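Structure first, then comments.
Quick note: residue numbers are just sequence positions, from 1. Bear in mind the structure is a predicted one, so any value in this text is a computation, not a measurement.
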Amino acid sequence: MRKIAIAFCFLFLSLGSFAQQDMMLYNMQGVPQSSYANPSNRFEGKFYVGIPGLSSNYFNFSNTVRYSDVVTKDGDSLLLSFSNLIDQMKDENYLAFNSRIDLLSFGYSITEQTQLTLNITEVASMSFDYNKDLIRFIYEGNTAFLGSSPDLGVGINASHYREYGLGASHQINNQWRVGLRLKYLYGMENIYTERSDITLITDPETYALTAKTDFKLRTAGLSNPDDEEESFMDYFGGRNNRGFGVDLGATYDLNEKFSFSASITDLGFIRWNERTKNYTSEGNYVYDGVEIEVFGENELSQEDSPFNQILDSIETELGIVEGTGAYTSPLVTKVYLGGNYHIDERSFAGLLIKNDIFKGVVKPSFSLAYGRKMLDWLTLTGGYSSINGSYDNISMGAVFDPGPAQIYIMSDNILGMFMPQHLRNVHLRFGINLIFGREKKNLKIFNRPIMGGPTASKPASEEEQEEEEANSEEMEEEGEAYDSDMQEEDIEDSEDSEIKTEETEEEGKSETNEDQQEEETKSEDKEEQTQAENDEQVDDPQ
């Protein structure tokens, strides 16, 4: 059990050294993956295709303590300081790792009101709750709790699964837009504390420990029954661990300036049926200790080392019973509430509240953001966030969108990229999409019809339709009257033209007749003159 648990923890430390809070992503509606935070968000264009393995990659680490709280610097040396760690810790503490990588993503606009999206995402996540008493007990031992009962219970939900999601976003009217994503989940590994209540009482005279336990730790997919070998294909698609989830979202546009939104994501569970083991302990147990030899070199790694002897003794004394059986583990549900003020078509200011919910425990966060579309291919967003009780988170994001390729990168705490040892949250998200069928130039930061986007994407209200029809009829009547006037003017012009043409023709005819008469007169005169000359020649032949 110890080796399995340790190996699995190291697996998730390597997969989830970073993770994502979705605070910055929520309002970056130009990125199709923003629908993961609010499924009512819509992308611009006819359809998009995510580059496989690159369309969405995000990683996050979140903790109530910092690396610098544990490791201190003394001159040129680094020292492990548990006393400083205990001083900085809260009574209840929280640790989270997450990693999500899209293997495939696609979206298509069926109509100007309705869009469909599809995603296949590999998910590795871990959430861990622990008390300050646990760290004190490890460092100071049971003598620090003489006369008191430390609470050593922990809560853990670590999973590796694949998500197959099908989403839809629909514009109901000018103000409401809703979204839904249904998810089928295929589970591969899991560790889950169904219940965890462990208290210790130390006898002030003998220092013997009396443990009161009520815990059940469940695991799945971490061992092969009867040393059965599993093929690669069976591991990635043949295990009988299945679950379902749902994301819900809605956006309400109050007017051209204010909009409000809400969403619930990862509301669901996984049923683990295959390769399951559970470890249960209930009752009161007394632990007097175990005689061991002095620790020697490399003895921590030996099966019969003093360290393993202590663990074996504790396991026996606590009456831990090993068993099998199917079980169900919940997802870490996220609830978002947001409000935006649209300064103009190119910029906005927003407030977002987010709550992570696991087994009834709520972890709140909030953020303030400002975004502006600087150019038709560049959008920048920045802000401030409070995450898991830390108040030093500066968020930044950039979307480079020359089209059709879109490249985006964002972080809920950009400072964590440069000095992670001093911060409680480190986050990074990036990806590449290919988006087709968009307007060539669009300086609007949100795809909102009320903000001047595609008006057809929001059906008009009845009053607006009636007003539009009335305006249309009035324009038609005015057009008919105008056409009638134009026709009358054309007729008058035509008659005037005909009269002028007739007068012109008569004038032309008159002028022609006069010319002809003049020519005839000249011709007659000439003939008479010629005849007279001829007569003279006859009378006087000489």
Side-chain angles (χ1 to χ4, degrees), residues 20-38 40-51 54-58 105 107 109 177 251 253 255-261 338-352 366-385 393-418 427-455 457:
Q20 99 97 26
Q21 296 286 342
D22 282 339
M23 304 289 281
M24 175 66 66
L25 179 68
Y26 188 89
N27 280 319
M28 300 192 74
Q29 295 186 20
V31 177
Q33 284 76 16
S34 67
S35 66
Y36 294 168
N38 186 344
S40 69
N41 286 353
R42 55 178 291 124
F43 63 89
E44 296 181 30
K46 185 63 177 178
F47 70 95
Y48 83 90
V49 178
I51 302 298
L54 292 176
S55 63
S56 180
N57 295 269
Y58 52 95
S105 63
S109 296
R177 186 171 68 251
T251 300
D253 292 327
N255 51 43
E256 291 188 359
K257 289 297 183 182
F258 291 95
S259 65
F260 303 92
S261 60
N340 289 329
Y341 173 70
H342 301 269
I343 301 170
D344 54 40
E345 292 184 343
R346 299 174 61 180
S347 58
F348 81 99
L351 169 66
L352 178 65
F366 79 89
S367 72
L368 297 171
Y370 170 79
R372 182 169 180 81
K373 198 155 191 177
M374 310 299 294
L375 302 168
D376 59 338
W377 55 269
L378 175 62
T379 301
L380 299 179
T381 305
Y384 165 80
S385 301
N393 306 285
I394 304 300
S395 54
M396 291 189 69
V399 181
F400 304 92
D401 201 355
Q406 179 192 76
I407 303 172
Y408 65 92
I409 183 170
M410 63 190 74
S411 175
D412 285 339
N413 190 7
I414 191 68
L415 299 178
M417 299 294 100
F418 304 100
H427 164 258
L428 177 66
R429 181 186 185 98
F430 62 93
I432 304 175
N433 297 306
L434 298 177
I435 308 176
F436 302 92
R438 292 181 293 174
E439 296 180 9
K440 292 184 177 180
K441 292 185 178 180
N442 182 11
L443 290 176
K444 301 170 184 63
I445 194 167
F446 287 146
N447 188 14
R448 302 173 67 240
I450 228 169
M451 293 292 294
T455 53
S457 63

| Which residues pass the side chain to side chain contact (heavy atoms under 4.5 Å, CB included) test with I414, sequence neighbours left out? | I394, M396, S411, M417, F418
| message | For a side-chain contact (heavy atoms from CB on, under 4.5 Å) check, start with the C-alpha distance between F260 and T251, then their side-chain angles and the critical distance, and finish with the verdict. | response | CA-CA 6 Å; F260 303 92; T251 300; over 6 Å; no
| query | Residues two or more places apart in sequence or in another chain: which of them pass side chain to side chain contact (heavy atoms under 4.5 Å, CB included) with N27? | reply | N340, F348
| For S261, what residues pass the side-chain hydrogen bond (donor to acceptor under 3.5 Å, both in side chains) criterion, not counting sequence neighbours? | Y26
| What pairs with S395 under side chain to side chain contact (heavy atoms under 4.5 Å, CB included), at least two apart in sequence or on another chain? | M24, S385
| request: Check ring-ring contact (aromatic ring centres under 6.0 Å, His included) between Y341 and all other residues, then give those that pass, not counting sequence neighbours. | output: F258
| request: Answer whether the closest heavy-atom distance between the side chains of S56 and Y36 falls below 4.5 Å. | output: yes
| task | First locate atom OH of Y408, then atom OG1 of T381, and finally report the distance between them rounded to the nearest 0.5 Å. | result | 13.5 Å
| E256 side chain near H342 side chain, heavy-atom distance below 4.5 Å | no
| request: With sequence neighbours excluded, tell me which residues meet ring-ring contact (aromatic ring centres under 6.0 Å, His included) with F47. | output: F436
| said: I'd like to check M28 versus V399 (side-chain heavy atoms, cut-off strictly below 4.5 Å). Are they in contact? | reply: yes
| request: Kindly write out the residues that satisfy side-chain hydrogen bond (donor to acceptor under 3.5 Å, both in side chains) with Q406, not counting sequence neighbours, or none if the list is empty. | output: D401, N433
| remark: Residues passing the ring-ring contact (aromatic ring centres under 6.0 Å, His included) test with Y48, sequence neighbours excluded, are F43
| task | Output all residues satisfying side-chain hydrogen bond (donor to acceptor under 3.5 Å, both in side chains) with N413, sequence neighbours left out; order by chain, then residue number. | result | N393
| Would you say I409 and R429 make side-chain contact, with heavy atoms under 4.5 Å? | no
| Does the side chain of L352 come within less than 4.5 Å of M23's, by heavy atoms? | yes
| request: Applying side-chain hydrogen bond (donor to acceptor under 3.5 Å, both in side chains), name anything that partners T379, two or more places apart in sequence or on another chain. | output: none
| query | Any side-chain heavy atom of R177 sitting closer than 4.5 Å to one from R42? | reply | yes
| Among pairs that include at least one residue of residues 23-32, which meet salt bridge (Lys or Arg N to Asp or Glu O under 4.0 Å), considering only residues two or more places apart or in two chains? | none
